[in-house]
*Asks:* 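Below is the structure I would like to discuss, written out as C-alpha cells.
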2 protein chains.
Amino acid sequence: MATIAEVAARAGVGAGTVSRVLNHSPKVSETTRARVQAAIAELGYRPNPLAQGLSRGRCRTLGVVVPYFTTPSPVERLRGVAAALDGAQHDLVIFNVESVAHRDDFLGTLDRRDRADGLLMMSFPPPPTDLSRIVAAGVPVVLVDAVAEGVSSVVVDDVAGGRLATEHLLELGHERIAFIGGDPDEPLGFTSADDRELGFRQAMADAGVEIDESLVRYGTHAREVAVAIAKDLLRQDAPPTAVFATADVQALGVIEAVRSLGRHVPADLSVIGFDDIELSAYVGLTTVRQPLFESGQLATRLLLEALAGDTTPAVHVHELPLEVVVRTTTGPRPPGAGPT
Amino acid sequence: MATIAEVAARAGVGAGTVSRVLNHSPKVSETTRARVQAAIAELGYRPNPLAQGLSRGRCRTLGVVVPYFTTPSPVERLRGVAAALDGAQHDLVIFNVESVAHRDDFLGTLDRRDRADGLLMMSFPPPPTDLSRIVAAGVPVVLVDAVAEGVSSVVVDDVAGGRLATEHLLELGHERIAFIGGDPDEPLGFTSADDRELGFRQAMADAGVEIDESLVRYGTHAREVAVAIAKDLLRQDAPPTAVFATADVQALGVIEAVRSLGRHVPADLSVIGFDDIELSAYVGLTTVRQPLFESGQLATRLLLEALAGDTTPAVHVHELPLEVVVRTTTGPRPPGAGPT
DNA sequence: TTGAAAGCGTTACCAC
DNA sequence: GTGGTAACGCTTTCAA
C-alpha cells in the first residue's frame, strides 16, 4: 500500500503538498495539483484512515447505540440512518445493546472522538452522567425517541399518540378497553410506553369512561407474553371489547391469541397497536403510525450537520407527526357486549 | 483525555512499560505493573484506538458487507453476527449495499487492514478480482451464502433445498406446481434462487411430472411483484394448485394475492417458501428453513478465529442443514383440480 | 505556493 | 525488566 511519502516522492513534492491536494486546499497551484493527482492515480494511493483519524482527531465513523437492533422498530430506524448516510463519508458502526452492562460498556467508552465522530442513541434514555460526559468530550449526540438536556433529539408525542389510539377506540363505541404497556422491569428504562399509557388515561378520563384496572396489563415485547396476556384478558367474565397495545409486536400477539381461542378480530375484539412496523401493513393491523424510517433519517442528517459545520447547530427537539392508520383490526363495539 | 505518556510520567516509568502492562506482557515485574495500573486508574486512562490501530496495523473492527441489510433475511443473519460478536473486542461496521456502485465502492476500498480487520460478505458473489485483491492484502474474509476459491464460507445446499420444497408439494399430490424465482435482472447476481430452481426442476423430473413453463416466473422481492405474479397465475385457465416461491417474502405476497382474490390458502393454492424468516412462523407459512441466525453466528466465529490465531485457519465450506417446516399454507391437492 | 518538521498516541525493537 | 526511540501515515503549523 502506497503512503503519502511515496506519492510525494513520485510527484517530486513534499508530503504536505500531497495532503493539501487530498484535502482540496485552495492553496496549491494547478500544475502541482495535476502532478500530484497523477502520482496518486499511478500508485493507486488511498490515504490510511487510521492515520488521518489520529492526526485529525476524528475517525469518519458514525456510531448508533441501539437496543435490540434487529427488532422491527430499530430496523426501520436504521434503514433511515443508512439512507441518510448514503454517500456521506462515514462508516456506520452499530453498538447493539441488550443489557444494562452493554449500555454502560458503550456509554463508558464512547466519550471520545477516536471511537465515533458522532453518536445516535435510539429509544433509551441515556444516563445523564454518561451523556454529559460524552457531550463534554465534544462528541455530537442526537437522541431518537428520547430527550435530554443539551442535545438535539427526534421524537414523537407519545402521550398524544396514546390519546389518539384510545380516541379511535372510543369513537367506535368501545368502553371496556384493555391496555397493554411495556415491561415495568425493563432494565433500560424505555419510557414511551408509559407516556402512551398516560395518553390512554387522559383520553378515557376526557371521555368520562372509567378504566377497569384489571384490564391494564404490562409485558415485554416477546410475542408469547402478549399472547398470554390477551388470553387471560379474554377469559375474564367481562372481557374487553378492544385492546390498545403500546407496540405493534404486542398487538400481533393479541391477534394471535384471539385466533387461537377461535374468536375473531375485530368482531370479538378490536386491536390497535403502535409503531406501524412493516409487518403491520401486511397483517392489516390498525395502529398509530410513527415515522420510524424518517426518525433515523432525520437524526442522521442532524448529526452529519453537526459534524460538517464547525459551529454547533442549535439544540432542538424535532417532533415527528403521529397518525392513526385504520386498517382491519378495529371495528365498532359489538351490540351485545356487556354493560357499558 | 490522558495519554500513555502521562500515565508513564505519573507511574515513573517509560511509555513502553505502560504499553506492556496494557497488553498483558509477562515481562513486567509485579510491582511496576501495580504502579502502572494505579496510574491508569487514577487518570482514567484508556488507550486511543486510532493510535493503536495505526501502530499495530489493525483497527479492531469487523466489517459486514451486506445487500439490503434491513430486509428480513440479512437482519436474521446480523442477529447471529451480533450474538457472536458479543464480548469480542471488535466493533461491528455495516457496509450496506444497494447497488453495484455501492458494492464496488466498498470492495474497492476494503482491501486493507486499516478499514476493517476482517470482512463478512453476505448473500452476493463478490467479483473474483475484488475478492482476491482483498485476500491478497491480508484481510480475512468469510462468505455467507456464497462460495469462492480460497475463502471459507457458510452455505446451504440450495439445489437440495429446491428439491425439498418441490418434493413436499409432490407428496401432497400436486402436479401443476408454479415456481417463482429471483429477479433475473438483479444487478448483484444473487445465485441462490437459481440453484433452488435447479432443485425444483430435478425433483419434478425425478417424479416424472412435466413442468408447465408458463407457471415458471421470476420477480424481485418486492411484495407487490409477487402479488402481481400470483394474481396472473391464478387467473390462468388452468391455474396451478401449488406454488414454490424461492423466498418467504415472495410467498407472503402470493398469499396476499390469493386472499385478495377471495380464494383460500391452502384450499385453493398451496404455498411453500424458502428461508423461514420470523414473519413466516407468525403467518403459518410452510417453508424450507435455512439457519439464518446460525449462518451469521458461525461466519463471525470463523472470522474471529482467523483474527485471533496467527495461523490462517484452513479454508473450508461449512454447509448448514435445510429443513422443511410444514405449517398451514400447504395441503393436499384439491380432488377436482383439473387433469393431472 | 511550497517544503520541512513537529505532532497525533501507540507499539515494538534495541540496548542496558 | 525496563527506558529510549524509531516507526505507523497523516495533518498542520512555520518559514521561506
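Numbered from 1 within each chain, the chains take letters A, B, ... in sequence-line order. Values in this document were obtained by computation on a predicted structure and should not be read as measured data.
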*Asks:* Round to a whole Å and report the spacing from CZ of Arg35(B) to C1' of dG3(D).
*Replies:*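 In whole Å, dG3(D) C1' and Arg35(B) CZ are 13 Å from each other.
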*Asks:* Tell me: NZ of Lys27(A) to P of dT2(C), nearest whole Å?
*Replies:*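 Spelled out: NZ on Lys27(A) to P on dT2(C) is 11 Å.
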*Asks:* Counting neighbours of CD on Gln297(B) that are heavy atoms of other residues, nucleotides or ligands and sit closer than 6.0 Å, is the number greater than 12?
*Replies:*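 Enclosed: over 12 neighbouring heavy atoms sit under 6.0 Å from CD of Gln297(B).
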*Asks:* For a quick check, with a 4.0 angstrom heavy-atom cut-off, what is the B/S/- contact string for nucleotides 10-16 of chain C, read 5' to 3'?
*Replies:* BBBB---
*Asks:* Do you see a donor-acceptor pair shorter than 3.5 Å between the side chains of Asp86(A) and His102(B)?
*Replies:*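 Yes, His102(B) and Asp86(A) have a side-chain donor paired with an acceptor closer than 3.5 Å.
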*Asks:* Assess whether a salt bridge exists between Asp91(A) and Arg115(B), defined as any Lys/Arg side-chain N lying under 4.0 Å from an Asp/Glu carboxylate O.
*Replies:*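 Yes.
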*Asks:* Starting at the 5' end of DNA chain D, which residue's closest nucleotide do you reach first, Leu54(B) or Thr31(B)?
*Replies:*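 Here Thr31(B) is the residue nearer the 5' end.
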*Asks:* Once you round it to whole Å, what is the distance between P of dG7(C) and CE of Met1(B)?
*Replies:*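 So the CE-P distance, Met1(B) to dG7(C), works out to 21 Å.
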*Asks:* Check the side chains of Asn48(B) and Arg113(A) for a donor-acceptor pair under 3.5 angstrom, ignoring hydrogens and angles.
*Replies:*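 There is no such pair between these side chains.
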*Asks:* Mind calculating the distance between CD (Glu6(A)) and P (dA7(D)) to the nearest angstrom?
*Replies:*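 One finds 15 Å between P of dA7(D) and CD of Glu6(A), rounded.
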*Asks:* Between His318(A) and His316(A), how do the two ring planes meet: parallel, tilted or perpendicular, split at 30° and 60°?
*Replies:*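 Rings of His318(A) and His316(A): perpendicular, as their planes differ by over 60°.
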*Asks:* Can you tell me if Ser29(B) touches the phosphate of dT2(D), counting only side-chain N or O atoms and a distance under 4.0 Å to OP1 or OP2?
*Replies:*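 For dT2(D), OP1 or OP2 has a side-chain N or O of Ser29(B) closer than 4.0 Å.
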*Asks:* Run the side-chain hydrogen bond (donor to acceptor under 3.5 Å, both in side chains) check on Arg46(A) and Thr109(B) step by step: do they pass?
*Replies:* CA-CA 8 Å; Arg46(A) 281 163 292 154; Thr109(B) 62; 5.2 Å; no
*Asks:* Can you check the Leu50(A) CG to dC10(D) C1' distance for me, whole Å?
*Replies:*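 Between C1' of dC10(D) and CG of Leu50(A): 11 Å.
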